[in-house]
Amino acid sequence: MRLSRRQAEIVALIAEGYSGKEIARILRMSPKTVESHMQRLFDLYGVRSRAARPSSPSG
């Protein structure tokens, strides 16, 4: 599945180790919106936590 530009930005920032609050600040979004995006991405990749996250937007 292809990621949207915003999803790819969030995945890249997660891979760099940024927290949800830091990502929200960087992307000028609310922390709740970032958490919602992150949950959808975790569901998409079938992971339960940041420890199991993909290393890049391409998977």
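Just so it is clear, the structure is predicted and the values come from calculations on it, not from any experiment.
- Considering all non-hydrogen atoms of both residues, E22 and S19 come closest at OE1-N, 2.7 Å.
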Between side-chain atoms of residues 25-35 and protein atoms elsewhere (two or more places apart, or another chain), which donor-acceptor pairs fall under 3.5 Å?
residue : atom : partner : partner atom : Å
S30     : OG   : T33     : N            : 3.1
S30     : OG   : T33     : OG1          : 2.9

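- Between the NE2 atom in H37 and the CG atom in L44 there is a gap of 13.0 Å [rounded to 0.5 Å].
- Of the inter-residue distances, the one linking I10 atom CD1 with R5 atom CZ reads 10.0 Å to the nearest 0.5 angstrom.
- Side-chain contact check for L3 versus L41: some heavy-atom pair is nearer than 4.5 Å.
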